[in-house]
Amino acid sequence: MASIPTDRAFSGRTAPLPAAAKPVAAARLISIDALRGFVMVLMLLDHVREGFFLWVPIGDPVDALTVSPDSFFSRLTSQICAPVFVALTGLGAYLYAQKHSKAETTAFLLKRGLFLVLLELTVVNFQWRAEFPPTIVYLQVIWAIGLSMIVLAGLIRLPHAAIAAIGVAIVAGHNLFDPIVLPPEHPFYALWSLLHERGTITLGGLPIRFSYPLLPWIGVICLGWTIGPWFARVDVATRQRRLVLTGLAMLAGFVVLRLANVYGDTPWFVVPGSPLRTVMSFLALTKYPPSLLYVLATLGFGLLLLALFDRIADARVTGWLAVLGGAPMFFYLLHLYVLRTLYLIALSIWGANHGEVFGLPSLGWIWLMWLALIVPLYIPTRWFSNLKKRRKDIRWLKYL
């Protein structure tokens with residue numbers, strides 16, 4: 001989402017910020033874009049791992065009993081990506097609303113959300129399997145973000161406290177619905193798969209897989225909207241203090257609830273004779289849909305990172321990451337198609353082997369490939385990010 005100056009109220013009329021907050025407007029936006037860029041870089045690692053270990057039989061990448069520790073912890077590095085990105089989408093929507101009327105903000109969220117849904121159904125889905133016509137459609141993170149924005153468009157006229165309460169209630173309470181498992185023949189199976197339980201339906205003979213159940217992501221985007229005033233109406237020191245305290249509180253809540261082992265995720269367990277796998281079990285959290293503990297851990301860590309980037313907004317690395325965060329959808333689509341191209345090249349050379357993956361002897365090579373791809377992907381993303389800044393007259397650019 002494009003970075004938008006934040007010096008107007010919902011009505012669109014000028015509303016001066018407190019004097020202490022004015023000097024940090026630019027740094028404020030850089031820190032948000034930097035965090036967004038950081039999670040995009042971590043996402044790249046996970047997608048390199050996923051793409052080039054496609055033929056390794058891994059049922060669950062965070063199964064503490066079966067997955068290799070190196071694969072588990074590689075997957076763990078990317079766990080913050082989706083929740084942080086969705087929360088930043090909500091935060092970005094709030095900041096957008098400070099310069100636009102509610103009607104304009106609603107229209108933008110609706111159009112942006114529908115655009116993302118269309119991207120998921122077409123450009124993104126084609127990349128995953130390179131099939132036309134498709135034999136299956138996966139509704140994943142871009143779909144979830146798009147629909148969450150559409151729902152947020154209908155919520156923004158509520159009082160701010162009401163949106164915050166909705167976000168907290170959904171994130172904290174949706175695991176109460178975990179025992180509800182509907183069979184495919186149930187009349188509400190499709191709706192329940194959309195909202196809370198991963199499932200597959202068939203439309204016109206085409207399987208549709210709900211990989212990212214929507215309900216918890218609505219809660220996450222509402223939480224992102226909730227912290228918007230920290231960036232629009234308070235000074236930098238107060239904002240950083242709130243980010244740190246809230247982040248630490250969420251992490252503490254995660255630890256307490258996880259130790260209690262009674263609510264918020266699948267219970268963890270002790271693996272006899274393996275302290276490492278016991279730790280893996282403790283850290284293995286449910287992403288589909290994101291559990292309460294998953295959100296507490298990832299967003300808690302994300303808030304601490306946001307406070308850090310806010311503090312070092314002038315550092316070179318922050319500016320470098322902000323370039324990626326300034327054109328996230330461009331980077332997302334670019335990296336998907338680059339990885340698909342590399343995969344097809346490797347497939348043509350080594351074939352679809354089921355042992356070692358394309359001749360790569362270990363997961364360490366995946367990390368090296370990830371590092372090797374960052375700069376080649378950064379260069380065109382920087383070009384596109386600069387284009388967005390220069391060509392404000394090209395309205396569709398803001399959607400990428």
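Note that the coordinates shown come from a computational prediction; the quantities given were computed from them, not determined experimentally.
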Expected output: side-chain S281 to main-chain F269 donor-acceptor under 3.5 Å: yes

Over 12 foreign heavy atoms within 6.0 Å of CZ, F384: yes

Atom CZ of R311: over 12 foreign heavy atoms under 6.0 Å: no

Closest heavy-atom pair and its distance - L194, W143: CD1-CZ2, 3.8 Å

Donor-acceptor under 3.5 Å (Y337 side chain, V123 main chain): yes

Transitive ILVMFWY side-chain link I166 to L195, under 4.5 Å: yes

Residues that, via side-chain heavy atoms closer than 4.5 angstrom, fall in one hydrophobic cluster with V256: none

Derivation of the side chain to side chain contact (heavy atoms under 4.5 Å, CB included) call for T381 and M40: CA-CA 12 Å; T381 304; M40 298 300 283; over 6 Å; no

R239 side chain vs F231 backbone, donor-acceptor pair below 3.5 Å: no

H196 and F177 aromatic ring geometry - parallel, tilted or perpendicular at 30°/60° bounds: perpendicular

Heavy-atom closest contact (G228 atom, L91 atom, distance): CA-CD1, 3.5 Å

Exam field: side chain E120 to backbone I142, donor-acceptor pair closer than 3.5 Å: yes

Joint hydrophobic cluster, I208 plus L118, side-chain heavy atoms closer than 4.5 Å: no

Hydrophobic cluster partners of I136 (side-chain heavy atoms under 4.5 Å): Y138

W225 side chain vs L155 backbone, donor-acceptor pair below 3.5 Å: no

R382 side-chain N/O to V323 backbone N/O, donor-acceptor pair under 3.5 Å: no

Side-chain donor or acceptor of H186 paired with backbone N/O of V181 under 3.5 Å: no

Reference residue P213; test side-chain contact (heavy atoms from CB on, under 4.5 Å); the match among P289, P290, S193: P289

Chi angles and distances behind the side chain to side chain contact (heavy atoms under 4.5 Å, CB included) call for L285, T298: CA-CA 10 Å; L285 303 173; T298 54; 5.9 Å; no

Side chain D46, main chain R75, donor-acceptor under 3.5 Å: no

K388 side chain vs G326 backbone, donor-acceptor pair below 3.5 Å: yes

Parallel, tilted or perpendicular: rings of Y212 and Y288 (30°, 60°): perpendicular

Remaining members of hydrophobic cluster (4.5 Å side-chain criterion), L304: V244, L248, L251

Whether F282 and W268 hold their rings parallel, tilted or perpendicular, with breakpoints at 30° and 60°: perpendicular

Expected output: side-chain Y189 to main-chain T200 donor-acceptor under 3.5 Å: yes

